[in-house]
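Start at 1 and go down the list; that is how both ligands and their atoms are numbered. Both backbone and side-chain heavy atoms feed into the values below; hydrogens, waters and symmetry mates do not. Quantities reported herein were computed from a predicted structural model and do not represent experimental measurements.
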Amino acid sequence: MERTLSIIKPDGVAKNVIGEVIKRFETNGIKIAAMKMIHLTKTQAQGFYAVHKERPFYDSLTDFMTSGPIVVMVLEGKDVIAKNRKIMGATNFEEAEAGTIRKDYATNIEKNVVHGSDASETAAFEIKYFFNALEIQNK
Ligand code: GDP
C-alpha cells in the first residue's frame with residue numbers, strides 16, 4: 001500500500017478534464033484518499049517546486065501553476081507512485097505513450113495537465129505540503 005500526490009494543473013482544470021483524469025485513476029483501481037481545489041499563490045508554487053529552483057523554466061512553471069485553480073489529490077494503492085506516472089505519461093507529451101493523460105491532453109512540455117510524485121520521499125513531502133493527517137482518509 002502506497003500513497004502519492006496528484007495535481008490536475010491549471011490547464012487540465014481549464015480544459016474541463018477533471019472528471020476524465022479522475023476516471024482514469026478509478027478505472028485503474030486507484031483510490032482517492034483526499035481531494036481539494038485550490039488556487040496557489042506564487043510563493044506557494046515556488047515552495048512546492050523548490051527542487052527546480054535552479055532550472056531555467058522555474059519562473060515560467062510557477063507562473064503557470066498560479067494561473068488558475070488546481071485539483072490536488074492523495075492517491076492510494078499498490079505501487080501507486082509508478083502506476084500514476086504510467087497513467088500520466090512522459091513529461092514531454094510528444095514522447096508520452098498513446099493513451100496516457102499527457103499524450104491525450106497536454107499542450108506543450110510545461111502545460112502537461114497533471115503532476116505526480118516521482119518517488120516515496122517526494123510523495124511524503126508533497127502530500128504534507130497540501131494535506132494534514134485529518135484530511136486524508138484511512139480506510
Ligand atoms: P514531471 O515529474 O514529469 O512533472 O517532470 P519534472 O519534475 O522534470 O518537471 C516538473 C514540471 O516542470 C513538468 O511537469 C512541466 O510542467 C515543467 N517542465 C519540465 N521540463 C520543462 C521544460 O523544459 N520547459 C518548461 N517550460 N517546463 C518544463
Numbered atoms and elements of ligand 1 in range of N112, under 4.0 angstrom, heavy atoms: 13 (C), 14 (O), 15 (C), 16 (O)
Mode of R102 contact toward ligand 1 - side chain, backbone, both, neither (heavy atoms, under 4.0 Å): side chain
Under-4.0 Å salt bridge between D104 and R24: yes
Nitrogen or oxygen atoms of K9 and ligand 1 under 3.5 Å apart: yes
Which segment of H52 sits under 4.0 Å of ligand 1 when only heavy atoms are counted: side chain
Within-shell test, I109 vs ligand 1, heavy atom, strictly < 4.0 Å: yes
Carboxylate-amine/guanidinium contact K36 E135, below 4.0 Å: yes
Ligand 1 to T91 polar contact by distance, N or O atoms, under 3.5 Å: yes
Polar proximity ligand 1 side, E110 side, N/O cut 3.5 Å exclusive: yes
Closest to atom 21 (C) of ligand 1 among F57, F64, F93, Y58 (heavy-atom distance): F57
Heavy atoms of other groups near K23 NZ, more than 12 under 6.0 Å: no
Stepwise salt bridge (charged side-chain N to carboxylate O under 4.0 Å, His left out) test for E97 and K86: CA-CA 9 Å; E97 275 182 50; K86 194 161 171 54; 3.8 Å; yes
Test item: side-chain donor near acceptor, E2 and S120, under 3.5 Å: no
Within the 6.0 Å centroid threshold, strictly below: Y105 and F93: no
Under 4.0 Å to a heavy atom of R85 - the qualifying atoms of ligand 1, by number: 1 (P), 2 (O), 3 (O)
Part of L61 within contact of ligand 1 (heavy atoms, under 4.0 Å): side chain
Contact summary for A123 and S117, nearest pair of heavy atoms: CA-OG, 3.4 Å
